[in-house]
Amino acid sequence: MATLLLVALAASLVTIAAPFLLELNALYSWHPLAMSVYMGLSIAGVLSLQRLPSQPAISAGTGTVGTGGSLRVAESASSRRTSLAKHALLQLVAMLSYNIGFCAIYIDREYKNKHHFKNWHARLGLFAYILTMILLPMGVAMQYFPQYSFGSLVAARKWGVLKRVLGNTALLVSVIVMCLGMQMHSVHDRVHVVGRWFAFLGLLGVSCAAFWNVWTALARLVTGEKPEPDSKELGDYTAVLVGVTSI
């Protein structure tokens with residue numbers, strides 16, 4: 001399933017970005033190219049940590065298999081650490097692309113004496129950019145210095161809930177920003193209407209699939225259902241950080 005989602009995502013983003021590859025000498029072209037890379041890697045990073053209820057998770061402190069799961073079967077704490085490392089690498093490269101894309105459009109508009117943040121595409125993009133830059137050090141602290149930064153693994157995990165909400169918010173806003181960007185005249189001039197609809201529906205569909213656990217959590221809150229105290233997320237998180245031996 002994850003592979004199909006990534007293929008659909010790549011096809012959608014390439015449809016929008018490909019025409020700009022022919023104009024690399026134009027500074028503006030680096031904006032949609034870099035932002036497409038950011039979007040792809042960010043969603044891939046989300047998928048790298050997704051779990052399905054039918055797959056096993058690691059129990060904290062024991063190394064035994066519980067009832068949770070991930071998009072790939074996490075048979076050991078080692079595999080979970082690998083997944084976290086992949087997530088971190090994908091997000092770091094995504095942030096690099098994000099900064100390139102942001103700088104490209106900002107400098108381009110400065111050079112052309114154009115005003116900044118005049119439409120919702122730009123305003124929401126700025127909001128998502130600031131929020132994402134705030135989340136980056138938080139993620140590094142949670143991954144590599146949890147006890148030093150938060151006092152304990154449990155405290156770090158509680159902050160992790162906030163990071164997950166803010167991270168998904170930033171990525172959701174980024175998806176909206178990219179969909180708005182597809183309506184810009186620069187995209188209209190280079191991408192056929194069929195291609196724009198294909199990219200729009202593909203990005204929207206993959207995003208909804210990538211955020212399925214967020215929608216599930218929100219639905220539980222709306223219906224008043226309380227999460228189980230020994231959640232599989234905390235079990236996986238603790239097992240990985242304390243270095244439980246492989247099963």
Side-chain angles (χ1 to χ4, degrees), residues 1-14 34-60 63 65-66 68-101 132-146 149 153 156-157 159-172 174-175 203 206-214 231-247:
M1 179 180 177
T3 301
L4 291 176
L5 290 175
L6 291 175
V7 169
L9 175 64
S12 300
L13 295 177
V14 168
M35 290 307 187
S36 294
V37 172
Y38 157 74
M39 184 61 62
L41 293 180
S42 292
I43 294 181
V46 171
L47 292 174
S48 70
L49 293 182
Q50 290 284 34
R51 290 172 312 171
L52 297 175
S54 60
Q55 295 176 321
I58 308 161
S59 295
V65 175
S70 63
L71 279 181
R72 75 256 150 250
V73 178
E75 295 181 346
S76 66
S78 175
S79 66
R80 185 65 175 160
R81 284 194 295 270
T82 299
S83 297
L84 287 169
K86 290 179 180 178
H87 173 80
L89 179 60
L90 288 169
Q91 294 299 342
L92 285 174
V93 179
M95 292 306 100
L96 176 61
S97 297
Y98 207 173
N99 279 281
I100 292 174
T132 302
M133 291 301 106
I134 293 174
L135 289 169
L136 180 60
M138 183 184 295
V140 172
M142 286 185 56
Q143 174 66 24
Y144 299 105
F145 316 104
S149 302
L153 297 180
R157 181 55 196 164
W159 279 94
V161 174
L162 174 62
K163 177 183 175 294
R164 175 179 293 183
V165 172
L166 293 179
N168 280 287
T169 299
L171 192 52
L172 180 60
S174 296
V175 170
L203 179 61
V206 173
S207 300
C208 289
F211 299 146
W212 70 269
N213 60 335
V214 179
S231 69
K232 55 182 177 294
E233 287 86 357
L234 180 58
D236 276 353
Y237 181 76
T238 308
V240 170
L241 290 178
V242 300
V244 174
T245 57
S246 299
I247 300 171

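Basis for what follows: all heavy atoms, side chains included, without hydrogens, waters or symmetry-related copies.
The shortest non-hydrogen separation linking V175 to S207 is CG2-OG, 3.4 Å. Taking each heavy atom of V206 and A8 in turn, the nearest pair found is CG2-CB, 3.9 Å. Residues M39 and L171 share a closest heavy-atom pair of SD-CD1, 4.1 Å.
Of the options I100, T132, L135, a side-chain contact (heavy atoms from CB on, under 4.5 Å) to M95 is made by T132 and by none of the others.
Side-chain contact between M35 and S97: absent, with no pair of heavy atoms (C-beta onward) separated by less than 4.5 Å. A 4.5 Å side-chain heavy-atom check between L203 and I43 finds at least one atom pair inside the cut-off.
Residues forming a ring-ring contact (aromatic ring centres under 6.0 Å, His included) with Y98 (at least two apart in sequence, or on another chain): Y38, Y129.
Distance check, rounded to the nearest 0.5 Å: CE of M133 to CG of N99 gives 4.5 Å. A distance of 10.0 Å separates CG in L41 from CG in L6, rounded to the nearest 0.5 Å. Atom NZ of residue K163 and atom CG of residue N168 lie 9.0 Å apart, to the nearest 0.5 angstrom. A distance of 12.0 Å separates OG in S83 from CG in L47, rounded to the nearest 0.5 Å. Of the inter-residue distances, the one linking L92 atom CG with H87 atom NE2 reads 9.0 Å to the nearest 0.5 angstrom. The CE atom of M142 sits 9.5 Å away from atom CG of L162, with the distance rounded to the nearest 0.5 Å.
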